[in-house]
Amino acid sequence: MNLLKITDLQTHFVFHDIDNYRREARALNKVNLNLNRGEIVGIVGETGAGKSLTAQSICGLLRPPAKVVGGSVLFLGKELLSLAEEDLNDIRGAEIGMVVQNPKSSLDPLTRIGDQLVRIHQTHTASAISVARSKAIAMMHAVGIPDPEKRFSAWPHELSGGMAQRVLIAMALMNEPKLLIADEPTTGLDVTVQAQILELLKDLVRRFEMGTIIITHDLGIVAHYCDKVAVMFAGEIVEYGTVTDIFRRPGHPYTKQLLASTPEKLKLNEAGSLGGQPPDLFNLPEGCLSQDRCSLASDQCRTPPPVITLETGQTVRCHFALQ
Ligand SMILES: Nc1ncnc2c1ncn2[C@@H]1O[C@H](COP(=O)(O)OP(=O)(O)OP(=O)(O)O)[C@@H](O)[C@H]1O
Ligand code: SF4
Ligand SMILES: [Mg+2]
């Protein structure tokens, strides 16, 4: 069953500079993505590719000057882009859970972590405090927080970065959301905890048919945990399809580069970069945005490439897909 359908999502930066000239830059260009219940989609791409902006655009969490200027985000048939803020608030934290990229700043510094978990549960359900408390402790345990009864009373400033990240994941999962959007959820955690959390997510996906979007630099995570993958470059999805198809036969030159880039095969460097500069969003080239970094670039690439659907169903934004 279709859970999330994103069509031609368009996000721009719109502001006035110090000389009061209106400036506008295209940050996300016609992003299309489909997620069914029980599916995990990975979003990969180098730093600045627009992965977090995609997540924030879906959830209505963009900060100015970023602004959605077009497209549609249907969640269970409901258009999220036209919902009032309070309706969106009802959905976020209940039906949609979100793990943001920099967790520490997302915790309320003045509330003990257990109380934050209880609060998120009680805001969206009619649970008694004892039920919410048991649920919070069980969830802390599930995300690998040792001694959860004791840690329940900890203050956010007492937590290490990794521990704060686990609390954020527990918060996102407290209400068993139908959709989880996790932006670099396990970056910085040690491998054992990372695997533990990803297995937990996979289990929830299976048990509750939760749909999940995982943003990551780690192609190993995509290979092991995701059903589909979207490869982003300069605010565009350049390739999208099942992990099996794309890892077997990537169609876009950038995806090929990503998959061929590392000795352990699947690990990008921290920035996810393969070298070269991303295009300046305020001065985008005509045509394909990859042209300065693509060894196949030709004159034809100075015109915008079409999005081609291959036999496998994977979509590729390139004039020369699969060559
Ligand atoms: N609110 C904002 N205002 C202005 N620029 C922004 C804003 N948010 C993001 N950007 C810029 O938009 C581009 C895309 O940012 P985004 O955070 O989506 O990248 P990302 O793919 O998540 O990168 P990373 O892997 O480093 O997290 C970057 O150049 C970033 O600096
Ligand atoms: S359209 Fe041209 S420049 Fe762009 S990815 Fe394809 S071959 Fe490379
Ligand atoms: Mg990001």
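Remember, predicted model here, so these are calculated numbers, not experimental data. Ligands are counted one by one from 1 in listed order, and the atoms in each one are counted from 1 as well.
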Test side-chain contact (heavy atoms from CB on, under 4.5 Å), reference L76, set N2, I91, L3, output is L3
Can you tell whether the side chains of [X] and [Y] come within less than 4.0 Å, N to carboxylate O?
X	Y	answer
E239	K256	no
D108	R119	yes
E95	K178	yes
K67	E24	no
R293	E46	yes
R112	E158	no

With the threshold set at under 4.0 angstrom, would you say A27 reaches ligand 1 through any of its heavy atoms?
no
With the threshold set at under 4.0 angstrom, would you say G45 reaches ligand 1 through any of its heavy atoms? no
N/O of [X] under 3.5 Å from N/O of ligand 1, yes or no?
X	answer
Q101	yes
A49	yes
A66	no

Between N32 and the options D8, T7, T315, the side chain to side chain donor-acceptor pair (under 3.5 Å) test singles out D8
One finds that the ligand 1 atoms under 4.0 Å from a non-hydrogen atom of H217 are 25 (O)
A student checking ligand 1 against G48 at a 4.0 Å heavy-atom cut-off should list atoms 13 (C), 14 (C), 19 (O), 20 (P), 21 (O), 23 (O), 24 (P), 26 (O), 28 (C)
Judged by heavy atoms only, the candidate from Q56, K51, R63 nearest atom 1 (N) of ligand 1 is R63
Among L62, L53, T216, the residue with a heavy atom nearest to atom 8 (N) of ligand 1 is L53
Checked atom 8 (Fe) of ligand 2: protein N, O or S atoms closer than 2.8 Å come out as C294 SG
Check: Parallel, tilted or perpendicular for F282 and F13, by the 30°/60° rule?
Finding: parallel
Nearest heavy-atom approach of T187 to Q165 is O-OE1, 3.0 Å
